[in-house]
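Down below is the structure, laid out as C-alpha cells.
As the structure is a prediction and not an experimental result, all values here were calculated from the model. By convention in this document, chain letters (A, B, ...) are assigned in the order of the sequence lines, proteins followed by strands, and residues within each chain are numbered from 1.
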Amino acid sequence: MSTVALSPPILKQVERPSRFVLFLRYLRRNKGLAFGVLILLGLVAFTVIGLMTVDLKQAYPLSVAAKKPPSWKYPFGTDFFGRNLLAAMVVGMWQTAFIGVFAGGLGTLIGVVLGFISAYFGKWIDGTIRTVCQILTPIPVLLIQVVIAGSLDKRDVTIVTMALIVVLLAWMGPTLVIRSQVLTMKERQFVAVAKLSGVSDLGIIFKEILPCLLPFIAAAFVAQVFSAVFAAFYLAVLGLGPLREPLLGNIIWAAQSQGAFFNGWWWWPIIPSIAMILILGSLALINMGLDELANPRVRRSE
Amino acid sequence: MSLKLVIRRLLFLVLVIWAASTIVFFIPRLSSRNALRERFGELARTGGFSPADLEKIIASMNRQFGLDRPLYEQYWTYLGNILHLDFGYSLYRYPTTVTELIAQSLPWTLGLLLVTTILSFIIGNLLGAVAAWPRAPHWLRAFATPFILLTGVPPVIMGILLLFFIGFRLKWLPLGGAYSVGVVPTWTWTFFFDLMRHQILPGLALILGSVGGWVLSMRGMGVTIQGEDYVNFAEHKGLTGGRIFRDYYLRNAMLPQVTGLALALGTMVTSAIIVEGLFGLPGIGTMLNLAIRANDFPTIYGIVLFITIAVAVLMTIVEFIYPLLDPRVRSS
C-alpha cells in the first residue's frame, strides 16, 4: 500500500504544464491554425507599425503624385486619385479589422443571447426564434445588404454603418449553432445536479453551461468575423461603401471603374487583392483549426 | 415524400418570399432618400426646368406610381405585383420595366452560373472524395490540398488575379467584355469562339473560388463514411476498388452534398453577379452595377427580389429532388 501513495514532490512533477504552453504545443500539431495565427499576427504588426510610422493623410485622394508604379518611395505605388497605396493599405487594414471585430463580435453576442434564450426557455420562444432564423437563412444576405446600403444617404455611409448593416442580417448562424449546443448541454447530468442543488437559471447558464461552450463561441466568433469582412468587402466592391475611405473593397471598386488593367496600372487592384487574400485566408485557416479544437472527434492528440 | 411534407415545404417557400419582399418594401421607405426626387432633380439641373415644374412632375409621377396612396394599400398592390414578377419601371431607362431588363440579362448570368456551378460541384466532390479515399494514389490525394487553401479567396479576387496573370501579363485572354470590340453578334463559329474566349476567365474565377468548399466538405464526409459497415462489407465481398468507390462510397457521401448545393446557391449567385460586374459581362451583375451607379432604385430592388425568389425556388426544387436520390427519405 505504501507504494501507491504518492509523496507531494512527485505530484508536483506530474503537474500539467501551463495552458499557454499546452496551446503552443497544440499549435505545433495543428499546422493550419498555427499558420493562420502567424499570418494574422503579421497583418496586425503591419497595421500597427504602419499606423505609427506612415503619414496617414496620404491614404486620401490628392495627397501624392498619381499613377506611380511601386518604387522605393512608394513601395505599393500610388493610384489614379493620388493616394499612396501603402498608407491606404494601413488605413484600409485597420478599417477592415474594425468592421470584422465590431460586426463579428456584435453578431456573435446576439447569437449567443438568442441561442441561450431559445434553447433554455424553449416552448413558443424557441419556436419563434427558430422559425425566424429558418426563414431568413435562405435569403441571400448580401443582396439585402445591397438594398440597405443603397437606400442610405451617401453621407450616412461610414465604417460604423457598414459594420451595422453587416450585423443586421448575420446573427442567424451563431444563434442556431449555440442553440443546438445548449440543447445538448441541458440534458447533461451536471446540469441536472446543479438544478437539483437549487442553482438558479442564471447561475446554471453562466457558471455551468457557458464555460463549456467557450470553444464553440470562439469558433462562431471567428466565422462571424470572416463573413463580416467578406460582406463589407463585397458591398465596397459594388461601390456601396464609404467612397472616400480607403477600405480595401473601395480601392478595388475605384480601380475597376477607372479600367486599371486596360491602362496598365496593375498594382492598383492587385495590392488590395493580396491584402484581402491574406486577411480572409488567415481567418479561414484559424476557423478550420478551431473547428478541430472544438470537435474532439477529429482532434489530433500528442 | 408525403403530401403533408410537400405542402409544408411550399408554405415555407411562400413565407421566405414574403419575408424578403417585405424587407425590400420597407427598408427604402425607412430611408430619407427619395429616388424620384433624386432622378428628376438631376434632370432639372441638366435640362433646365424650374423647381415648380419639378414639383409638378414629381406629384404626377407619385400619382402614376401610386405613391400618394396609404402605405398599406401600396404594400398590398406591391405584394400582388410580386406574384406575377412585376417589379415596376426602371427609373434610369424609364419606359423599360425592370422585368424586361432582367429578362434581357438573365440568359448571360444563367449560362455562366449553370456551367460553373455544375463543374465546380463535380470537380470539388470528386477531388474531395479521392482525398479521403485511402486506396487512391498518393499524388492524386495531395492534388486536393491547393484547392482547400483556395477556400478563403473570394471569386472576385480570384478574377483580379486571373486578369493580372493571364489577361494582363501573358495576354492570352481578353481583359473583359462579352465579345471583342467591333464584333457584331452573329450565329457563326468565329463569333461563338470569341464569345467563349471572353467567358473563360470569369468562369475560371468562379470555379476556382468555389471548388475548395466542396473539396473540404466532401473530404469530411468521405472520412466518416469509410468506417461504415457497408463499405467494410463491400470490401470483404471482394469487390474491385473502383466499384466500391463509385457505388458504395461516393453514392453515400454525395447525399449530404446535394443539400449543401441547395444551401450554397445563394452564395454562388452573389459571387457570379459580382464577378460579372468585374469582367463587364452583360448579365444581371453588370445591370446591378449600373443601377447602383445611376441610383436606379427600382432596378436594384427588382434584381435583388428576383434573385432572392429564384434562389428560394431552386432550393425548394433541390429539396424535392432529394428523396429521388435517397430511398430512405422516400419511404419514411
Side-chain angles (χ1 to χ4, degrees), chain A residues 32 36 131-132 134-154 156 168-169 226 230-231 233-234 237-240 249 252-253 255-257 259-262 264 266-267 269-270 272-274 276-285 287-288 291 297-298, chain B residues 12-13 15-16 18-20 23-24 27-33 148-154 156-158 160-161 163-164 167-169 175-176 212 216 220 223 262-263 265-267 269-271 273-274 277-278 280 288-289 291-293 295 297 300-301 303-305 307-308 311-312 315-316:
Chain A
T131 316
V132 170
Q134 280 174 343
I135 289 176
L136 289 180
T137 307
I139 299 174
V141 173
L142 179 91
L143 293 171
I144 302 297
Q145 287 164 346
V146 165
V147 171
I148 303 174
S151 303
L152 286 177
D153 198 316
K154 271 279 172 284
D156 293 339
L168 218 52
L169 278 168
F226 181 87
F230 209 104
F233 173 71
Y234 265 10
V237 164
L238 280 172
L240 288 169
I252 291 179
W253 176 77
Q256 193 192 329
S257 28
F261 280 121
F262 284 106
W266 55 269
W267 60 91
I270 285 292
S273 300
I274 292 173
M276 211 61 211
I277 291 180
L278 290 177
I279 296 174
L280 291 177
S282 66
L283 289 175
L285 282 173
N287 198 7
M288 280 184 233
D291 262 350
R297 257 200 300 181
V298 289
Chain B
F12 183 70
L13 174 67
L15 263 180
V16 170
W18 169 76
I23 295 174
V24 173
I27 286 172
R29 279 166 179 78
L30 291 175
S31 118
S32 55
R33 279 183 103 158
I148 294 177
L149 288 179
L150 289 182
T151 11
V153 185
V156 76
I157 287 188
M158 196 62 78
I160 291 176
L161 294 182
L163 268 179
F164 175 61
F168 182 78
R169 272 284 142 96
L175 285 172
L216 205 61
V223 170
L263 289 174
L265 274 174
T267 326
V269 176
T270 28
S271 311
I273 281 178
I274 289 174
L278 176 73
L288 184 66
N289 254 353
I292 290 173
R293 268 165 215 250
N295 288 329
F297 296 103
I300 301 178
Y301 305 145
I303 290 176
V304 166
L305 214 50
I307 294 171
T308 310
V311 168
M315 272 171 104
T316 315

Are side-chain heavy atoms of A/Pro140 and B/Val269 found at a separation under 4.5 Å? no
Name the member of B/Ile160, B/Thr308, B/Val24 that forms the most heavy-atom pairs with chain A at distances under 4.5 Å. B/Ile160
Examine whether an atom of B/Leu278 lies under 4.5 Å from a heavy atom of chain A, and if so say whether it belongs to the side chain, the backbone or both; otherwise answer neither. both
Atom CD1 of A/Ile270 and atom CG of B/Leu161: how far apart are they, to the nearest 0.5 Å? 5.0 Å
Identify, with sequence neighbours excluded, every residue that meets side-chain contact (heavy atoms from CB on, under 4.5 Å) alongside A/Ala284. A/Phe226
With chain B, which of A/Leu280, A/Val132, A/Val237 has the greatest number of heavy-atom pairs at distances under 4.5 Å? A/Leu280
Can you tell which of B/Ile307, B/Val304, B/Thr270 makes a side-chain contact (heavy atoms from CB on, under 4.5 Å) with A/Leu142? B/Thr270
Would you check if the side chain of A/Gln134 reaches a backbone N or O of B/Phe12 as a donor-acceptor pair within less than 3.5 Å? no
Region of B/Ala20 in contact with chain A, defined by heavy-atom distances below 4.5 Å: both
Do you know the tightest heavy-atom contact between A/Trp266 and B/Phe164? CB-CE1, 3.5 Å
Honestly, the part of A/Ser257 sitting under 4.5 Å from a heavy atom of chain B is both
The interface call for A/Leu240 against chain B, heavy-atom contacts under 4.5 Å, is side chain
What part of B/Val153 gets closer than 4.5 Å to chain A, counting heavy atoms only: side chain, backbone, both or neither? side chain
Pick one of side chain, backbone, both or neither for A/Phe230, based on which atoms fall under 4.5 Å of a heavy atom in chain B. side chain
Which atoms of B/Ser271 approach chain A - backbone, side chain, both or neither, heavy atom under 4.5 Å: both
Would you please name every residue forming a side-chain contact (heavy atoms from CB on, under 4.5 Å) with A/Thr131, sequence neighbours left out? A/Ile135
Calculate, to the nearest 0.5 Å, the distance between atoms CD1 and CD1 belonging to B/Ile27 and A/Ile144 respectively. 6.5 Å
Which pair of non-hydrogen atoms, one from A/Ser151 and one from B/Pro28, has the smallest distance, and what is that distance? OG-CA, 3.7 Å
Tell me, for B/Leu216 versus chain A, whether the close heavy atoms (under 4.5 Å) come from the side chain, the backbone, both or neither. side chain
For B/Ile23, run the side-chain contact (heavy atoms from CB on, under 4.5 Å) check against A/Ile148, A/Leu136, A/Val147 and tell me which one passes. A/Leu136
So which of B/Leu265, B/Ile303, B/Leu163 has the largest heavy-atom pair count under 4.5 angstrom toward chain A? B/Leu163
What part of A/Ile252 gets within 4.5 angstrom of chain B, counting heavy atoms only: side chain, backbone, both, or neither? side chain
Quick one: what part of B/Ile300 sits under 4.5 Å from any heavy atom of chain A, side chain, backbone, both or neither? side chain
Under 4.5 Å from a heavy atom of chain A, the part of B/Leu15 involved: both
With side chains defined as the heavy atoms from C-beta onward, is the minimum distance between A/Thr137 and B/Met315 less than 4.5 Å? no
Closest heavy-atom pair and its distance - B/Pro154, A/Phe233: CG-CE2, 4.3 Å
